[in-house]
Each structure stands twice: as structure tokens, then as C-alpha cells.
Amino acid sequence: MKVLLSWLREFAPDIDGDPVELGEKMSALGLAVEDMTITGEGLDGIVLAKVLDLRPHPGADKIQLVDVDMGDGEALQVCCGAFNMSVGDLIPFATIGTVMPNGMEIAQRKLRGEMSNGMCCSAAEMGMGDDHDGIMLLTNTIDTSAAPLGTPITEALGMERDVLWDLEVNANRPDAMSVAGVARDLAATLGVPFAFPQHTYTPAGGLVTDEAKIEIIDPSLCGRFIARTIHGVEIGTSPLWMQQRLTALGMRPINSVVDISNYVMLELGQPNHTYDLDTVPNGHIRVRRAHESGEAITTLDGVERSLVASDGVIADGSDRAIGIAGVMGGLDTEIGDSTTSVLLEMAWWDPPSISRTIKRLNLPSEAGTRYRRGADWGENMVRAADRFCQLIAESGATTAAGTIDERGTTPDRSPRPVRVAKVNGLLGTDLSSDEMQGHLTSIGFEVAASDADTLDVTVPTWRWDTETETDIAEEVGRMYGFESIPKTVPKPEQNGALTPYQADRRAVRRALIGAGCSEIQPMPFLAPGDLAKVGLPEDGVTLTNPLVHEESVLQTSLLPNHLKAVAYNQSHRSGPVRFFEIARVFLPSPESQLLPDEREHLAVAISDAEAPAAVEMLDILDRTLALPNVQLRPSTPAGMHPTRSADVVIAGKVRGHVGEVDPAVAETYGVAGRVAWLELDPGSILDGPHGNRRYSPISKFPSSDLDLAFEVPDDISAANIAGALRKGGGRQLVDVALFDTYRGTGVADGARSLAFRLRFQANDRTLTEAELAELRDACIAAAQKQKGVTLRG
Amino acid sequence: MSSYDDLASQALAEIEQADGIDALDALRPGLFGKKAALTEAKKSLGQLDPEQRKEAGQALNAARQQVEVAFETRRGALAASARTEALEAERMDLTEYLGSASPGHAHIVTQTRDRLEDIFIGMGYSVAEGPEVESAWYNFEALNIPEWHPARGSFDTIFVNLGEPEEVMLRSHTSPVQIRTMENQEPPIYIVCPGRVYRTDTADATHLPAFNQIEGLVVDKDITLGDLAGTINQFVKALLGDDIETRLRPSYFPFTEPSAEFDIRGLDGSWLELGGCGMVHPYTLRACGIDPEVWQGFAFGFGIDRLAVMRYQTDDLREFVNNDIRFLKQF
């Protein structure tokens, strides 16, 4: 919502002061200033000029040559990037040497070989609104007999210095969607008087009740409907001052009737609609919901729209829909150039109803925004109707006597009790009931003290969203000033802490970072087909309204995005990468559950590396988390290398996969070389027992090392042999490590040599040669129990 | 007597001439061995008469000691110079370094998030998490945003194809975690909920459809708006420094009442909006089975990514999700 200082002062003449400070006051009231402009200033050097000729620029398509006359009858050439002018148009023209409001100085210069002697100005360039679209055309607004060519533009337009604030108005402040509402707040905080000016008109002709009839069929839709009929309307342009204000507040002037409609809405926050009375038989209007069977209407934008039963409809006496309530009027009853009689609608619509229709039809509008936030259903409606009639009377139109004022259902506004202690307890203040009363009445709440501890508060009709004790407490706080509330810090009795899972997750991150892995956080979106490319079922949850098709599926595995990440880095010659990620995957919803099976996965991808690199990461995690009994069971998980992958089995349950990405899959993603891959479900792992570390005493006696090499068939795992050795060595075997593997001469085909270093040590004595020999034999025997395993000489 | 001095002088001369440890050690038998002159001289002491013997013995001992000291001193000097020479010979240019060890890096969002979590843990909060795919109840309705509410549109929600249309969505804020916590935990509640949230924002330098928020929730007895202001002030100072000021400005969120934006003022004096906050709306407390006449609370939320941008001065949010090692390794 934009407001002008001059307009605010029509309601509170004593609003005054430094524009920045006034802006701060409004921000502190919850009307955040997004932008501030001083208008009508810094326009020295801009004069009224006339377009004499328009020619293409010989060397450029996007600019044209314009000859203007600034009053001396001479044709002055300028280059101009706008194309909305016609010969004969009146425009604001910045002469050479003018410093524009944005600080740019106009100089004589050559553009592609053509001289430019000034600048034709848009409204935005002059600090008058947002319209950058073209040069401001003044042909219909300025009478050159009063303001000849060359007149300074401020004089020609009757402009005075003013301040324009652009305010961010929250959805609970329908009242502040108007100049008057902002003035009320600002006046209250400044402690200056606020009043609505009296705007009267003289009725003439017949009675409105003879010319129109309003029937509210559905009172839950329409809380109030005020109608007037106006005759002798001439559609033309509205007065210059009105056009300037509309322009400043961001609305484009249209014609004398539409402009008044918008002006009243901006000034008083009361949207309204005008019908060509001659197109509404007998001025008869029925307000109802759309028919269950469905109906259609062509709205004034020329689009035929079908309505559903929840939509509000304005129908004529024959029940034909002539408007969508609160959202958009119909084409058939629209004001046109030939309109002479107008039916004015000032209505209050049920906000949820309007909101649903706006959303369904995607038809946001200035009026709709006000209705859906809850317009005023009180005397402001009559005031707005009066203001409309008074403004239109200035152009000679007359309003029939009387007012049609039909009522439906409006919110209950009987006084409600507000506990002083509750308000103070919520705000952290120590205000008396008198102080609270002062703050509330300053913005139009009616307050009666029922006793020292309770206030009876009547919430004004312009605050649809304000209802409860808490809402009212907020108003007290707002007017008292949030910045005045003392800052305190609550002291919880419990300690803050990470959950065990969160602490473990951090430990995992640290361990992987220590192992040289960098964390990535790709978005969890996949393209359709990404899952199939890694051999996974395409049952990822899909998005209804994805931003792009390539990001329309939620990941069920971290593999596709990691392969994309590896390929991306390879394409930038960034060398081998080690990435890890802990992120959500979204598996299909289990039976009778609405939401997907969402869990956190941990993945590690190492490019240019074979499977053991991933196993090493698993080993690091094993040691970081002290996992119980981690085993690798050869398998072929989706997307992984058929002969170099395994299930990760922890305490008997499959908790993930480790190995290498299937080279064919990697290639599909544009990845060169091998990728070692580990993907785990840490949630289920950490749900189980882990982290159980117990001290084992360190022996004070010497240890003995022994190397043993076995020929082991390929189908028996090294882990298997190590396990057998442990079994054979018993308690005295304190360490087993694979230190060499060998295939080739001297070893049978289909087998390899595995060399282990064994360390023996007892806690209570030095092991004797005889004991060591016995342990050696036991280890060898245990290993050789596996079929085909033999000790190498 | 003088013969001992001569012997000593001769020995000292030999020691002095030895030009290395090996050469010196080679002298040892000749100086101190069985056949060494000084040893022989000791043997011949017995032939002297007792009176002379004592005097001669002392002189001989003095000579021998002198030689021994000279020998050890010389040996020490030679060893030191040998060591120096050896060290000199293995001189290294430490920048002649072929190592390629590269440590991994935590993502800057994680670093920022951990930092925030730690500050709040220090203030007595726990860290709560919840699903990223949510139902309309948790994302909207329990938060006092009914189906028709204009605020729904402002969340620019990404919906997923589950349930009825617009019934399931990627959460558009972390507030659903508040609801889940209040449903499952009796007050007092002191939590922060960090995590990813989603909106239909086209990715550009300052927007991502998937970004990170952190939200705080306190529900306890006698919690006030002043407590909210003080809490924000405390964590901002812990995060950004003691000289940063904070303020609340009235605002609107359906799930808090009163609602506010909170601003910080940096050293340049300008105010910057950091996030939204407010007192938990009685509707929301009731929706979670908490009696608003007994308990009151506040909530606040803000963007983690934006803090990361402020801290590390990055200029394009898309780098956060682009997986480029050249970006990741900078932090």
C-alpha cells in the first residue's frame, strides 16, 4: 500500500515531521516502509513539450528520433527508447542540464550518430509512480491554453512537494489498505487528531428505491450491500489531481468513473463496483451462490468463466449472472463510453468465500485483496458511498435520493472482556488498565472498564481479523511500542542437548571429513527416468507443481545426484572427488500411511576409485560408531557393480550397500572411470546397539608376531579366513591384519594368496615357544577347515 | 716429573691433530691402553722409593687426567661438528612438497547450522527434526492457516502427488516440527528445529526452491513477548557479536499473536530484517492439546542460508546445491 503525506493530512492535518522519522514510526506500528520517495521535487528543467515528428533512427532499431517543441516553435531532436507517443502528444521533457530525481544529469549527446538534446520522461523517471512502460502522455490532461508549451511541468501539473511511502501491509490489517487507515494509526502514535472530512452531495431526481432493488439471497456470502443510482454521467477523463494521486499510488487512470471508484477504494479501503444501470433490468440485483448445476459468466476481461457452488454471484432480476461477487464484474454490465446511468455497489463479502474464488480462478485484484482480508462493514461503507457520489457530482452527475442498505450476516462485535493481567502477562509489560484503554481508544477501539482488572472492548468493524483477547493484546503492544518492552530471557530448567542420533551424525560427519570427504547438499529432486537409469523402480513421489520437469521426482536413493555431482566436477576438470551426504530419501508410502517413508540416508562417492575405497569408509564408520558385527554379503544392489558390491549387514540386518557403481550406470550419467560407493540407512543402524566400548587391559608382557599366508579359493572371503584365524587363536590372538594379497605364478587359478600378520599376547605371562607353536597350529587348522584353503610354504 | 709433562704434551698434540672421531678413537689404545706410555709410567712407579712414589704418582695422575679431559673435549667437539655436517647435508626445502593430502569439508550450511544449534543448546534448547514431506494439517491447519486463508498462497508451496490435491506437500517452513513436538511432548518445551524447506522459487543468485531454516519454540509458564525479545537479543549477540543490536517490529503470521519481524543493526547503523517471530497463537496451542490459559510460548524463525551468505560473503545461492568441489573446499 502506498500513501502520500498530503493525502494522510486530509485525515490528520497535524501529521508532520521528517519523512524518514515518520517512516520509522510507521515501521514500528507494523507498517514497514519498503520505499520512500520525495515527489514533486527535483523536476526543475522538465517542461511541457509537444511531439512534432517521429522518425526511425537510421542506425538503431530500439530507439527512434523525436522532434519536440518546447514552446519556441523550433523542432528539437531527441533520441528516445519509447514508442508510445504519437505526433501531437503533450509530454514532459527534460531539457539539457536537468538533474533527474534519480541523480542522472541530462546532457547533449550523440546516440549512434544522431544528436539527442534532452529526454522525454516516463512517470517513473519523474518519481511519479511505477509506470516505466512509456513516456507519460499528458495530451488529455493538460490544457495548453492554461499551461502553454514550455511551462515547467510542476506548474503545468499543479504538483507540490510530497512524500510517497510504500508500506508493507500485513494480511491482518485490512484497515491499513487505505490512506485513512494508515492516517488513523500514524495520528494515534503521534498523538495528533484524526477525523474523516465531511463529504456531502445533493441528491436529485427520483428515489434510489424506485430505480434499484437488492436482494441478498445468501446472507452468509454478503454481509451488507449498499446501492445508489447516479444519472447524468459523462465518461471522460478524471481531474488531473485525481490522476496524479492514482498514478502515485500505482494505479493507472482509466476514465472518470473507474478513477473515482479506485480513488474511493484507496482513500477509504472500501472496494466498490459500478454497473451500467441501463444493462441491469429494473436495477434488480440478486446476491447468491453459483448454482450447484454450474453456470458461466463472461467477465469484463472478456474471458468466459465457469463458476462452482461456493462462488458468490451477482445476478440480475432474471437470475442471469452479471458479476462474480467481490472478484470481477461481468462484461455485459460494464461501464462503457456511452454509459449515462450508473448503479453503485458498496458491498461486504465473506472473506473466506472471496478468498476461495480468487484462488480458484487465479484472479487477484486490488479490490479482491481488500475483500479477502476483511473490509469494513460499518459506517465506512456509507461514508465511501457518499464520497463516491460527492466526487462524481463534481463532474455534473446526480445521485438519486436515499440509500439501499441490505444486510446479511456480519461478525459479532459485542464487547468482550479483556483481562489486564493476561495482556501484561503476554506482553511482559506492567501497564495499568487506563494505559491500555488509552492505547486502544487511540485507534478506534471502544473500551469500558468493567472493573480494575478487566476491560470491556468493542473491536471496530474495520478490524475483521481482530477478535480475541490475544488479538487485542497485540494492539495494546503495538501502540505501546514493541521496542519499549523490557528484554528478558527465560531460563529453562532442563539442559540443552543433541539427541544421541544427532550427536552420532555429527561424529560421522567429522570422521568422513577427516577421511578427506567433502559434504555436498544437492536438492533432493530427480528428473523422471533418473531412478530407472540406476536400475531402481520409478516409484519416487512426484511433485504436483515442480519448477522444472527435470526436478519433479523426489529421490529414493542418493546415487543419481551423486553421479551427477561426480560428472559435473569431472567436466570441470576438478580431479577425483570424495563426496558424502546425509540427506532424506522418500520411499513409497507404506500401506495406510499418507506420507512417504521418509528416512535419512548417508552416502559416500569416491571417483576414480575401486570398491575397497568405499569399504574403507565403511570401516571408518564402523570404528567411529563402534557398530556390532558388520559383515559384507556379496550381492548386486541396483545400480552397482555386479561382481564388486555387497550388502552391508549389521547385527544380522541389511542396512545398506557398499562397493562400486556399475560402470554402465556411471557411463549413463556421463561419469568417466570407476566410482566407489557406499549408501547406508544410519537411522536404522543407530536405532540398534552401537557405541558400546569397553576397556580391555593392556598386557604388560611381550607380544609375538607371526605371518601366515594361505592359498584361498576366490569364493572364500578374506573376512572369512580372518574370522577362522581369530577362532583358532582364541584370547591370545590379539590382532589379525591382512597385509598382502597375491594372484599369479605359484598360486592356483581361481585362488589367491592372502597373507595375515598375527599378534599373540597373554595378559598374565610371556607366551612360551611351545605355546606359540600350539597357537600357530590351531590357527592354521582353523583356516584350513575351509574347503580348498592351504597354508603356503 | 718432567717426563710426565712431556708424555702429556705429546698426547695432547696427538689429540689435537686427530681430524675426526674415527682418527681420535684410533688414538685411544696408544693413549690409555696397556702399552701406552702413561700406563707404562704407572707400572714403573713401583720401582721408586715410597717418598718419590707419592709425588710421582700425583704428577702422573694429573698428567693422565689432563689427557683424558682433552680427549673427551676433543671428542665432543668432533662429534658436534660431525652432527652439524650431517644435518647440513640433509637440508630440505620445505616448500618442495609433493603431498596431496586434502582434508574434507563440511558444507557451509552445516557449519552455520551446527553453530546455531550449539548456541541454542547453550541456552538450554534441544534440537528437534521432522519430515520434509508434510500433510496440510502440520504445514497449515494446525498453524491456524485454514484452507481459504490468503497466507496459504504466500507460502508458494510445492505439492506432491499423494492423497487429495494439496493435501501433501514439501514443507514450506519448519513450523510443522513445532506442531509435532507440541503434540508429543508436555511443556515445558525449549527446542530449535533446523532443516530444509521448499518453495516454488525459481533458482537464482538469491533464491532456491530448497533452502534451510531454523525455528525456535518455547512453551512454558509465564513466557512473554519480552522473553522473546530478550532471547532473540541474546542469540544474535552470541552469533554475531555483542555490539549488534536487535529490535522487534509488529508483523503478522497466522500462528503467532502478537507477531513481529526481528531486525538486527550492524556497525553501519542500518537495520536488517533477519526473521519472523511471535507469541504462539492460542489456536495453535489448543490444536496441539496445550491449554493456553496455563502455558504460553513464543516461536521465531529465520534462514540459515542467509546467515551463511552474510558470514562467508558468497554471491550466488545456487553454489550451495551445485556440488562443485571448487566451492566446497573454500570453507
Which one, [options], leads in non-hydrogen pairs under 4.5 Å with chain B?
{"options": "A:R356, A:Q521, A:K487", "answer": "A:Q521"}
{"options": "A:S574, A:G428, A:A497, A:A28", "answer": "A:A497"}
{"options": "A:I485, A:N495, A:I354, A:L594", "answer": "A:L594"}
{"options": "A:N545, A:I358, A:I520, A:N424", "answer": "A:N545"}
{"options": "A:R372, A:E493, A:E469", "answer": "A:R372"}
{"options": "A:L543, A:I582, A:V577, A:T499", "answer": "A:L543"}

Check the pair B:L162, A:V541 against side-chain contact (heavy atoms from CB on, under 4.5 Å), reporting the backbone distance first and the verdict last.
CA-CA 8 Å; B:L162 287 173; A:V541 175; 4.1 Å; yes
Report which part of [X] has an atom under 4.5 Å of a heavy atom belonging to chain A: side chain, backbone, both, or neither.
{"X": "B:E166", "value": "side chain"}
{"X": "B:N233", "value": "side chain"}
{"X": "B:A203", "value": "neither"}
{"X": "B:F298", "value": "side chain"}
{"X": "B:D201", "value": "backbone"}
{"X": "B:E132", "value": "both"}
{"X": "B:I191", "value": "neither"}
{"X": "B:R152", "value": "neither"}
{"X": "B:F320", "value": "backbone"}
{"X": "B:S154", "value": "neither"}
{"X": "B:Q234", "value": "side chain"}
{"X": "B:A106", "value": "both"}
{"X": "B:R199", "value": "backbone"}
{"X": "B:Y125", "value": "backbone"}

May I ask you to decide if [Y]'s main-chain N or O and [X]'s side chain share a donor-acceptor pair within less than 3.5 Å?
{"X": "A:S518", "Y": "B:H105", "result": "yes"}
{"X": "B:T224", "Y": "A:G425", "result": "no"}
{"X": "A:E598", "Y": "B:V133", "result": "yes"}

First locate atom [atom1] of [X], then atom [atom2] of [Y], and finally report the distance between them rounded to the nearest 0.5 Å.
{"X": "B:E257", "Y": "A:E474", "atom1": "CD", "atom2": "CD", "answer": "4.0 Å"}
{"X": "B:H107", "Y": "A:I513", "atom1": "NE2", "atom2": "CD1", "answer": "11.5 Å"}
{"X": "A:N172", "Y": "B:S259", "atom1": "CG", "atom2": "OG", "answer": "7.0 Å"}
{"X": "A:T357", "Y": "B:W148", "atom1": "OG1", "atom2": "CH2", "answer": "13.0 Å"}
{"X": "A:L426", "Y": "B:I223", "atom1": "CG", "atom2": "CD1", "answer": "11.0 Å"}
{"X": "A:L498", "Y": "B:I121", "atom1": "CG", "atom2": "CD1", "answer": "3.5 Å"}

Pick one of side chain, backbone, both or neither for [X], based on which atoms fall under 4.5 Å of a heavy atom in chain B.
{"X": "A:R173", "answer": "neither"}
{"X": "A:P546", "answer": "neither"}
{"X": "A:P596", "answer": "both"}
{"X": "A:S589", "answer": "side chain"}

Sub-4.5 Å side-chain heavy-atom contact between [X] and [Y]:
{"X": "B:W271", "Y": "A:S27", "result": "no"}
{"X": "B:M123", "Y": "A:P492", "result": "no"}
{"X": "B:N323", "Y": "A:K564", "result": "no"}
{"X": "B:L328", "Y": "A:F579", "result": "yes"}
{"X": "B:Y252", "Y": "A:D465", "result": "yes"}
{"X": "A:N569", "Y": "B:D324", "result": "yes"}

Specify which of [options] makes the most heavy-atom pairs with chain A at under 4.5 Å.
{"options": "B:L228, B:L208, B:D118, B:V192", "answer": "B:D118"}
{"options": "B:G278, B:A229, B:P150, B:S126", "answer": "B:P150"}
{"options": "B:N322, B:D222, B:D227", "answer": "B:D227"}
{"options": "B:K329, B:H149, B:E167, B:E261", "answer": "B:E167"}
{"options": "B:T200, B:T231, B:T110", "answer": "B:T110"}
{"options": "B:S251, B:P254, B:G163", "answer": "B:S251"}

Minimum heavy-atom separation for [X] to [Y], with atom names?
{"X": "A:L547", "Y": "B:P209", "value": "CD1-CB, 3.2 Å"}
{"X": "A:K422", "Y": "B:P292", "value": "NZ-O, 3.2 Å"}
{"X": "A:L427", "Y": "B:P258", "value": "CD2-CG, 4.0 Å"}
{"X": "A:R584", "Y": "B:G130", "value": "NH1-O, 2.9 Å"}
{"X": "B:R326", "Y": "A:Y568", "value": "NH2-OH, 4.2 Å"}

Item to complete: Determine, stepwise, if the pair B:Y198 / A:M523 fulfils side-chain contact (heavy atoms from CB on, under 4.5 Å).
Response: CA-CA 10 Å; B:Y198 302 85; A:M523 297 194 285; over 6 Å; no
Between B:E129 and A:R505, does at least one N-O distance fall below 4.0 Å, as a salt bridge requires?
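Salt bridge flag = yes for A:R505 with B:E129.
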- Query: Taking NZ, NE, NH1 and NH2 as the nitrogens, is one of them in B:R113 or A:E519 under 4.0 Å from a carboxylate oxygen of the other?
  - Reply: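 No, no charged N to carboxylate O under 4.0 Å.
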#### Entry: More than 12 heavy atoms of other groups within 6.0 Å of A:K25 NZ
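No, not enclosed.
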Around A:Q593, counting heavy atoms of other residues, nucleotides and ligands shown, do more than 12 lie under 6.0 Å from its CD?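 Yes, CD of A:Q593 has more than 12 neighbouring heavy atoms, counting only those of other groups under 6.0 Å.
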Is it true that B:E117 and A:Q502 share a donor-acceptor pair across their side chains at a distance under 3.5 Å?
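No, because no side-chain N or O of A:Q502 sits under 3.5 Å from a partner of the opposite role on B:E117.
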Begin from the C-alpha positions of B:Y283 and A:T468 and carry the test side-chain contact (heavy atoms from CB on, under 4.5 Å) through to its verdict. CA-CA 10 Å; B:Y283 176 94; A:T468 63; over 6 Å; no
